[in-house]
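Report on the structure given below.
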Protein chains: 2
Amino acid sequence: MALENTTLKNLFHRKGYKMTPQREAIYLLVKSRRGSHLSSEEIFDLLRDEHPGIGLATVYRALRVLEDMGLLHSLYLNDGKIRYEANDDTEDHRHHHLVCLDCGRVEEFALDLLGPLEKMVQEKSGFTVQDHSVKFYGICTTCRKVQKTGS
Amino acid sequence: MALENTTLKNLFHRKGYKMTPQREAIYLLVKSRRGSHLSSEEIFDLLRDEHPGIGLATVYRALRVLEDMGLLHSLYLNDGKIRYEANDDTEDHRHHHLVCLDCGRVEEFALDLLGPLEKMVQEKSGFTVQDHSVKFYGICTTCRKVQKTGS
DNA sequence: CTTTATGCAAATGTTTTGCATCGAA
DNA sequence: TTCGATGCAAAACATTTGCATAAAG
């Protein structure tokens with residue numbers, strides 16, 4: 001725990017940032033809610049218990065910092081706001097998102113299937129590919145059942 | 001030409017929409033600028049020559065309609081606005097986007113590599129996959145050269 | 001101490017909505 | 001005719017910024 005804190009502090013300093021209670025709390029919150037895809041506003045609301053005085057602008061600024069540090073990444077789920085997930089250190093790959101076109105729910109798909117494709121893209125395009133983001137659109141099992149049953 | 005127009009009109013009617021000059025112009029513009037990823041504002045500006053009285057709200061509404069009809073699709077390139085592309089009828093697949101993390105430029109990658117993966121995702125997740133969207137992030141050839149040369 | 005981060009409020013930018021009028025079918 | 005579409009202005013959101021104060025290093 002102490003070590004983890006030191007590591008986190010080092011991560012901040014390595015990028016020239018200061019570690020503050022707000023930034024730490026935001027990171028820990030997003031990390032603890034794996035699979036939630038929290039927006040800035042949602043994070044702000046969830047944090048108000050613990051940090052009554054926190055400001056929304058701080059959340060926006062902290063999320064950028066945490067993304068720059070490589071602790072989080074942002075994603076867009078077609079609902080007008082940017083959402084955040086913690087980067088899982090135990091996976092060097094990314095999971096994918098399955099978006100249901102009917103109910104809008106978002107599921108995770110744990111496997112990253114793009115490793116080999118990145119290499120091919122790199123060769124064919126000249127781009128040095130560093131990362132990717134993949135969304136699949138379709139109908140989730142729940143909604144498909146409803147459709148079969150009839151409205 | 002006459003046939004194409006009829007087809008377009010039918011497409012509108014099939015979904016219960018009326019075909020208007022504005023909607024047609026917006027569709028033709030986006031279609032003619034393949035590879036541009038136009039935003040609503042950009043479309044609005046480009047259309048003012050031809051359609052001096054057009055309103056921005058009309059552009060927003062038309063783009064939704066055209067997307068619902070399957071003529072266009074939207075994409076988010078991390079710059080705060082939604083952009084649109086025409087669906088290419090000659091390709092039943094999607095091209096991918098390569099976003100340069102340095103200069104922000106977006107290149108297209110013509111091959112769709114996800115056909116087989118869609119099937120696998122469908123089997124493993126139970127989702128009926130209908131579509132997908134893929135972005136690769138990296139450094140484009142131009143920016144890599146600059147980096148090598150030194151700033 | 002020095003410098004960066006915070007909180008608040010105001011500003012910005014994008015997208016949506018209300019409503020009277022217009023035009024497609 | 002009828003009902004959906006348009007244009008305009010206002011409203012609604014999401015996000016950013018300016019600035020005085022607070023706190024990290």
Side-chain angles (χ1 to χ4, degrees), chain A residues 5-27 29 37-69 71-72 74-84, chain B residues 5-27 29 37-69 71-72 74-84:
Chain A
N5 245 320
T6 307
T7 307
L8 200 55
K9 179 168 271 192
N10 285 345
L11 271 172
F12 277 102
H13 293 174
R14 206 166 300 163
K15 281 271 188 176
Y17 296 122
K18 291 179 179 175
M19 181 157 108
T20 68
Q22 292 91 334
R23 287 174 175 175
E24 189 184 0
I26 290 167
Y27 171 56
L29 174 66
H37 320 117
L38 297 171
S39 68
S40 304
E41 188 89 38
E42 285 164 355
I43 292 167
F44 176 63
D45 289 340
L46 288 167
L47 242 53
R48 305 197 75 160
D49 308 325
E50 230 189 305
H51 285 257
I54 198 167
L56 181 54
T58 299
V59 176
Y60 275 98
R61 286 185 283 227
L63 288 169
R64 279 192 176 199
V65 165
L66 294 166
E67 182 168 31
D68 180 53
M69 289 167 63
L71 294 173
L72 306 181
S74 64
L75 65 158
Y76 188 70
L77 296 175
N78 312 310
D79 67 345
K81 45 200 141 224
I82 295 164
R83 297 177 171 281
Y84 289 85
Chain B
N5 246 321
T6 306
T7 307
L8 201 53
K9 179 168 273 189
N10 285 345
L11 270 172
F12 277 102
H13 293 174
R14 205 166 301 163
K15 280 271 186 177
Y17 296 122
K18 292 179 178 173
M19 179 155 108
T20 69
Q22 292 91 334
R23 288 173 174 175
E24 190 185 359
I26 290 167
Y27 172 56
L29 173 67
H37 321 115
L38 298 171
S39 69
S40 304
E41 188 89 37
E42 286 165 355
I43 293 168
F44 176 62
D45 290 340
L46 288 167
L47 243 52
R48 306 198 73 161
D49 308 325
E50 230 189 303
H51 285 256
I54 199 168
L56 182 54
T58 300
V59 176
Y60 274 97
R61 286 185 282 227
L63 288 169
R64 279 194 177 197
V65 165
L66 293 167
E67 182 167 31
D68 180 52
M69 291 168 62
L71 293 174
L72 306 181
S74 64
L75 65 159
Y76 187 70
L77 295 175
N78 312 311
D79 68 344
K81 43 201 142 224
I82 294 164
R83 298 175 172 281
Y84 289 85

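Computed from a predicted structure; not experimentally measured. In what follows, every chain begins at residue 1, and chains take the letters A, B, ... in the order their sequences are listed.
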Side-chain donor/acceptor of B/Arg61 to base of D/dG4, under 3.5 Å: no
Side chain B/Lys18 and base D/dC3 donor-acceptor under 3.5 Å: yes
Touch class at under 4.0 angstrom, heavy-atom based, for A/Gly16 against every strand present: nothing
Distance below 4.0 Å between B/Thr20 side-chain N/O and D/dT6 OP1 or OP2: yes
Interatomic distance, B/Asp68 CG vs D/dG4 P [rounded to whole Å]: 15 Å
Side chain A/Arg23, main chain A/Lys18, donor-acceptor under 3.5 Å: yes
B/Lys81 NZ - C/dT12 P separation (whole Å): 15 Å
Residue met sooner reading DNA chain C from 5', once A/Arg23 and B/Arg83 are mapped to nucleotides: A/Arg23
B/His51 vs A/Pro21, nearer the 5' end of DNA chain D by closest nucleotide: B/His51
Side chain to side chain contact (heavy atoms under 4.5 Å, CB included) partner of A/Phe44, chosen from A/Val59, A/Leu38, A/Ile26: A/Val59
Minimum heavy-atom distance B/Ser39-B/Arg83, with the two atoms named: N-NH1, 3.7 Å
A/Leu56 CG - C/dA9 P separation (whole Å): 12 Å
C/dG23 OP1/OP2 closer than 4.0 Å to side-chain N/O of B/Gln22: no
Polar contact flag, side-chain donor to acceptor under 3.5 angstrom, A/Gln22-A/Thr58: no
B/Tyr76 OH - C/dT15 C1' separation (whole Å): 13 Å
A/Lys9 side-chain N/O to D/dG25 phosphate OP1/OP2 under 4.0 Å: yes
Residue whose closest nucleotide on DNA chain D lies nearer the 5' end, A/Tyr17 versus A/Arg64: A/Arg64
Between P of D/dG25 and CZ of A/Arg14, the distance in whole Å: 15 Å
Atom pair distance, as rounded to whole Å: CD1 in B/Ile43 and P in C/dT14: 13 Å
Interatomic distance, B/Ile54 CD1 vs C/dG23 P [rounded to whole Å]: 14 Å
Short side-chain N/O contact from A/Thr58 to OP1 or OP2 of C/dG7, under 4.0 Å: yes
Closest contact, heavy atoms only, B/Lys81 versus B/Tyr76: O-CD1, 3.6 Å
Shortest side-chain distance from A/Ile82, nucleotide among C/dT15, D/dT15, C/dA25: D/dT15
Value in whole Å for how far the P atom of C/dT4 lies from NZ of A/Lys15: 16 Å
N or O in side chain of B/Tyr60 less than 4.0 angstrom from C/dT15 OP1/OP2: yes
